[in-house]
Amino acid sequence: MSHRTPGTDTWELALRSKQLWEELATEVDGQGGGGAREKLGWMRTGSLLVGRSSEELGTLDERTKALSQAGIHAEFLSASSLHALEPALSVGKDGGAMFLPQDCQIDAFQAVSLIEKTNNSYSSEGRYREFYNDPAMSLIRSDVTGKVEAVQTSRNILYGRKAFVIASGAWTRSLLHSFVEPALTLDIPVKPRKGHLLVLEKFDKVKLNHALMEVGYVDHQITKSNSTHIASESSEDELGALSVSMTATLDTKGNLVLGSSREFKGFSREVDRSVVQCIWERAGEFFPAMKNVSFDIDQNTQIRIGHRPYMPDGKPVIDFIPNLSNILIATGHEGSGLTLALGTAEMVTDMILGNPGKVSYSPFSIKRRFSGNFGK
């Protein structure tokens, strides 16, 4: 929760999602077999949001007070107090941090693997099936009612009774263009924001006790526009500028995970060695021991590349498509997809079943956020 701001549209969804992850971790712990740490990569490490200047220290102090008032356990740390918690970290005499001891971390690959395994346990009951490498091509609508009845894929027709959920991340915009009739002209401006992560396997030169990120990471989450109407293009997209902010975590296997970069490069999946070098050098500004290490990108490293589904107003879209009452979209979470996943899943389920939401649906609706003619 360290880079989230109380009172924003995604605040309540983040709180609810964190609660659901904690409940899932408790449930997995009760099943044995290594528990949540082994099956989810779950650790209650706490998190540190760090700054190195007096200006950043002022920002951290304000955020600490705001989170505390919102009921989050947050502590402001001076440079000396921070050094006692993270000896390998250097922020200078003017630096400090905000410490959230209740924050947790999780491994995305392990979490997805566990959820997939659990889902597959329902296959024998006819309640779950997976289709890989079978892309969706179009929607099939009833000739009588006009309601969507199925999805045509390259090899199958998949029927749905209650609803269809489009949760295709950065690809949602192009998928909708192929699904939705031109008369509706619905344009949800989600687009790919490419990111690199550097994973150093069994790295023992830096010892971390908590998850870390610099104050600059918060700027990734702040919308540039206060308008309720979102333009289809942003000035940031046109500039295509690279942004790198230091993030560092140590996973359950002892791997040091460093990030993170953000840039608009379309759907390119190529490793940009210069970006990886920037991530390494940025981390070295916070961890002096790394400057004495020879960095070889091809040795004992993993480079993870992904496309965050970016929305110009900084919040996801979770709503039914107007005039297509059984087609629901869930996308645009950008760098918060893992954090907000369970809260989003719960919201989607409640919307489909007509249940009252645990969190307000309205901030994530389509209405009044996008251009488009939805018909009458």
Side-chain angles (χ1 to χ4, degrees), residues 1-19 21-22 43-105 206-226 236 243-250 257-262 279 282-290 313-315 334-336 338-340 363:
M1 302 298 292
S2 60
H3 62 287
R4 311 201 176 275
T5 303
T8 58
D9 286 335
T10 59
W11 173 256
E12 293 297 330
L13 183 58
L15 279 178
R16 178 59 180 163
S17 289
K18 184 174 186 290
Q19 179 186 347
W21 277 118
E22 290 176 339
M43 293 188 288
R44 191 180 293 278
T45 56
S47 68
L48 289 161
L49 187 65
V50 302
R52 299 187 297 170
S53 68
S54 56
E55 180 181 358
E56 289 180 339
L57 218 60
T59 300
L60 290 171
D61 186 36
E62 291 175 5
R63 292 189 68 81
T64 302
K65 292 175 180 176
L67 287 169
S68 296
Q69 290 173 359
I72 302 294
H73 183 181
E75 303 173 17
F76 179 79
L77 303 178
S78 65
S80 58
S81 298
L82 176 58
H83 181 73
L85 285 181
E86 291 289 352
L89 179 68
S90 176
V91 296
K93 60 181 178 62
D94 294 326
M98 178 181 70
F99 178 40
L100 271 63
Q102 298 302 312
D103 267 4
C104 308
Q105 70 182 56
V206 172
K207 171 64 177 174
L208 291 185
N209 300 314
H210 308 84
L212 303 171
M213 66 176 65
E214 65 171 298
V215 173
Y217 187 89
V218 176
D219 294 336
H220 289 315
Q221 311 296 326
I222 297 176
T223 175
K224 298 290 191 296
S225 171
N226 293 320
E236 188 175 1
S243 171
V244 175
S245 297
M246 187 280 294
T247 65
T249 56
L250 199 66
V257 183
L258 298 176
S260 68
S261 69
R262 299 190 185 222
I279 291 174
R282 185 62 177 171
E285 295 177 22
F286 290 84
F287 301 103
M290 294 180 63
D313 66 351
K315 59 185 180 182
E334 209 201 322
S336 297
L338 186 62
T339 301
L340 302 181

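Numbering of residues begins at 1 and proceeds along the displayed sequence.
- A search for side chain to side chain contact (heavy atoms under 4.5 Å, CB included) contacts involving A211 returns T45, S47, Q105, T249, not counting sequence neighbours.
- Proximity of a side-chain donor or acceptor of R44 to a complementary backbone N or O of P101 within less than 3.5 Å is not detected.
- Identified under the side chain to side chain donor-acceptor pair (under 3.5 Å) test for residues 68-81, with sequence neighbours left out: H73-E75, S78-S80, S78-S81.
- Closest non-hydrogen pair, G46 versus H210, comes out as O-CB, 3.6 Å.
- The salt bridge (charged side-chain N to carboxylate O under 4.0 Å, His left out) contacts involving residues 9-18 comprise D9-K315, R16-E346, K18-E22, where partners must be two or more places apart or lie in separate chains.
- When all heavy atoms of V91 and G51 are compared, the pair lying nearest together is CB-O, 3.7 Å.
- Here the closest heavy-atom approach between residue A14 and residue L340 is recorded as CA-CD2, 3.5 Å.
- With contacts defined as side-chain heavy-atom distances shorter than 4.5 Å, the pair I279/S260 does not qualify.
- Between atom CG of residue L15 and atom OG1 of residue T10 there is a gap of 9.5 Å, rounded to the nearest 0.5 Å.
- Annotation: salt bridge (Lys or Arg N to Asp or Glu O under 4.0 Å) contacts of D94 (sequence neighbours excluded): none.
- With rounding to the nearest 0.5 angstrom, the CE atom of M98 is 11.0 Å from the OG1 atom of T59.
- Under the side chain to side chain contact (heavy atoms under 4.5 Å, CB included) criterion, L57 pairs with L60, F76, not counting sequence neighbours.
- Side chain of T247 to backbone of G259: a donor-acceptor contact under 3.5 angstrom is found.
- Of all heavy-atom pairs between F287 and L212, the closest is CZ-CD1, 3.4 Å.
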Exercise. Start with the C-alpha gap between M246 and V50, add the side-chain angles, then the distance that decides, and say whether side-chain contact (heavy atoms from CB on, under 4.5 Å) holds.
Key: CA-CA 10 Å; M246 187 280 294; V50 302; 4.1 Å; yes
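- In terms of heavy-atom proximity, D103 sits nearest to S2 at OD2-N, 3.5 Å.
- Not a single salt bridge (Lys or Arg N to Asp or Glu O under 4.0 Å) links E86 to another residue, sequence neighbours left out.
- The two atoms that bring A248 and L258 nearest to each other are CB-CD2, 3.8 Å, heavy atoms only.
- Contacts classified as salt bridge (charged side-chain N to carboxylate O under 4.0 Å, His left out) and involving residues 48-62 (residues at least two apart or in different chains) are given here: R52-E285, D61-K65.
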Self-check item: N209 vs L85, side-chain contact (heavy atoms from CB on, under 4.5 Å): CA-CA, chis, key distance, verdict
Solution: CA-CA 7 Å; N209 300 314; L85 285 181; 5.9 Å; no
